[in-house]
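Basis for what follows: all heavy atoms, side chains included, without hydrogens, waters or symmetry-related copies.
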Protein chains: 2
Amino acid sequence: MPIESLLNHIARFVKLNADEQQVLSDHLSVKKVRKKEFLLKEGDICTANYFIVNGCFRMYFIKENGQEQIVAFGIDDWWITDYTSLETHKPSLYYIQAVEDAEVIILTKTQRDNLFDKIPMIERYFRILLQRLQGASVTRLKYLFELSAEEKYHNMNNHFPEFIQRVPQYMLASYLGITPEVLSKIRAKK
Amino acid sequence: MPIESLLNHIARFVKLNADEQQVLSDHLSVKKVRKKEFLLKEGDICTANYFIVNGCFRMYFIKENGQEQIVAFGIDDWWITDYTSLETHKPSLYYIQAVEDAEVIILTKTQRDNLFDKIPMIERYFRILLQRLQGASVTRLKYLFELSAEEKYHNMNNHFPEFIQRVPQYMLASYLGITPEVLSKIRAKK
DNA sequence: CGAAAATTTGACATGACTCAACTGGAGTGG
DNA sequence: CCACTCCAGTTGAGTCATGTCAAATTTTCG
């Protein structure tokens, strides 16, 4: 059951009783997404948080020169959304696209705010996740600033080996802020 | 009153009644910080969230070559902390230092978690701020990826002119991920 | 006023990018 | 199931934006 994987994830951070779990479940919907399908496109107003039950997504934007720049990946048990568009109701600058066939749980903003009123522990769960996400964002920034192209690749290899398997090389390069050519040459060494 | 500026800030996001405001005030302490003093140093375990009543802070780390790399600024009415260290109790990789004489409100983690239990609206306030912060982090990332040194400077000028006034040029350069020499040459043009 | 720090300026070095050609494997349609 | 196309990945040559280093100048502040 998709929803169980979310309940398990929540249980790692806060306790919900059976009632609360039921209320939560009633606020959710599940969706299968095919590889290359989009949860969000530039210009859309983002309306939901997405919990990735399984699969892999990338969040990216298009640079002036037409190149795609990936700002984030999401895999099993991660949430993904555009918080700026979601909270401001303004058109998003980003695409969120499935890199593999995937299954997601959709929690719309309306339902989410509803849940926050009914079940404070859910709000706590999101508050905790947001803290961790913010920590991760600063760490990402740190790596971008201090590491060379080669070091960024090895660092990725060490910390997130699963990505190297799951996403094509040119997406990794984009995520690391380097060109596919440079990444290819780095891998050729040794 | 320092605490009033925090109450005003909170009121922009959630409503607290007089009782709640009192309870909150009892959990806080206020501190004056002189220019160049630190709220946090590398190796410290971060223990609090800091609300900047007035003044300016920078959060930075030291790169292998010894250079300081700024990851964030904080000014009046912003919160600043190292979420990774705060939540994991591990030594921080960052320094948080006053760029100007400043006044901060200290909310320790213990007091904060206490408040979250007593006053759910405070937890909501932080959840909302964290969402905005996360949005801002992704936007920052976007600019770093898509803009040239010159564009980053002008973008900063347009979006945050107050910083150009308040922080020395070499800190701006660091924040933008360029060298002071390059920034100086950009400013010399036109 | 004097020392230390910040900024400017110029010469030079370099890591990463662009462009282009080539290779190999995956996916598709006949 | 083969043939063809397309896309990802590789490789090499040349370029460029930004970094490094060093010295001169200006500003800050005790």
Side-chain angles (χ1 to χ4, degrees), chain A residues 34-37 56 58 60-70 73 95 97-101 141-157 163-190, chain B residues 34-38 55-56 58 60-70 73 95 97-102 141 143-157 163-190:
Chain A
R34 289 311 204 90
K35 183 171 171 172
K36 297 199 178 167
E37 264 186 67
C56 180
R58 62 175 180 150
Y60 66 93
F61 66 93
I62 308 281
K63 293 195 276 190
E64 272 190 22
N65 59 17
Q67 289 177 355
E68 301 171 351
Q69 174 61 56
I70 296 178
F73 284 119
Y95 298 82
Q97 185 192 36
V99 175
E100 310 167 347
D101 289 353
L141 206 54
K142 181 169 189 285
Y143 290 145
L144 284 173
F145 278 133
E146 73 178 338
L147 302 183
S148 68
E150 187 165 353
E151 289 167 332
K152 281 189 274 192
Y153 173 67
H154 290 130
N155 186 60
M156 186 90 183
N157 244 322
F163 280 108
I164 314 285
Q165 315 300 327
R166 292 174 75 164
V167 314
Q169 213 166 295
Y170 74 94
M171 288 190 193
L172 269 186
S174 172
Y175 179 78
L176 296 176
I178 62 183
T179 57
E181 291 94 333
V182 167
L183 182 51
S184 172
K185 284 164 191 169
I186 289 169
R187 287 171 50 102
K189 293 195 207 175
K190 194 181 65 67
Chain B
R34 288 312 203 89
K35 182 170 172 173
K36 297 199 178 165
E37 264 187 68
F38 291 89
C56 180
R58 61 175 180 151
Y60 67 93
F61 66 94
I62 308 282
K63 292 194 278 192
E64 271 190 22
N65 59 18
Q67 289 176 356
E68 300 171 351
Q69 175 61 56
I70 295 178
F73 284 118
Y95 298 81
Q97 184 191 35
V99 174
E100 309 168 346
D101 288 353
L141 206 54
Y143 290 144
L144 283 173
F145 278 133
E146 74 178 339
L147 302 183
S148 69
E150 186 165 354
E151 289 167 333
K152 281 189 274 191
Y153 174 68
H154 290 130
N155 185 60
M156 185 91 184
N157 243 322
F163 280 109
I164 314 285
Q165 315 301 326
R166 291 175 75 165
V167 314
Q169 215 166 292
Y170 75 94
M171 289 191 194
L172 269 186
S174 171
Y175 179 79
L176 296 176
I178 61 182
T179 57
E181 290 92 334
V182 167
L183 182 52
S184 172
K185 283 164 192 169
I186 289 169
R187 287 171 51 102
K189 295 195 206 175
K190 194 178 66 63

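- Listed for the A/D101 side chain is a donor-acceptor partner under 3.5 Å among the backbone atoms of A/K35.
- Each of C/dT18, C/dT7, D/dT20 was ranked by its minimum atom distance to the side chain of B/Q67; first place goes to D/dT20.
- Note: NZ (A/K189) to P (C/dA16) measures 9 Å, nearest angstrom.
- If you take CD of B/E100 and P of D/dT28, they are 15 Å apart, rounded to a whole angstrom.
- For DNA chain C, the neighbouring residues in residues 141-150 of chain A, judged by any heavy atom under 4.0 Å, are A/S148, A/A149.
- Taking every side-chain heavy atom of B/Y170 into account, C/dT7 is the closest of D/dT20, C/dT7, C/dT9.
- Against DNA chain C, the stretch residues 175-184 of chain A makes heavy-atom approaches under 4.0 Å through A/G177, A/I178, A/T179, A/E181, A/V182.
- Positionally, the nearest nucleotide of DNA chain D for A/V167 lies more toward the 5' end than for the other of A/V167 and B/K185.
- One interatomic measurement links the two molecules: CZ of B/R187 to C1' of C/dA6, which rounds to 12 Å at whole-angstrom precision.
- Looking at heavy-atom distances under 4.0 Å, B/K35 makes contact with sugar-phosphate atoms alone, never a base.
- When the shell of 6.0 Å around NZ of B/K63 is examined, it contains more than 12 heavy atoms from other residues, nucleotides or ligands.
- Nearest heavy-atom pair, B/S174 versus B/E68, reported as atom, atom and distance to 0.1 Å: OG-O, 3.2 Å.
- Counted by atom type alone, B/Y175 and B/R58 present zero donor-acceptor pairs between their side chains at under 3.5 Å.
- Side-chain atoms of B/Q169 lie closest to C/dT7 of the nucleotides C/dT7, C/dT18, D/dG9.
- Atom OH of A/Y153 and atom CD of A/Q169 lie 6.5 Å apart (nearest 0.5 Å).
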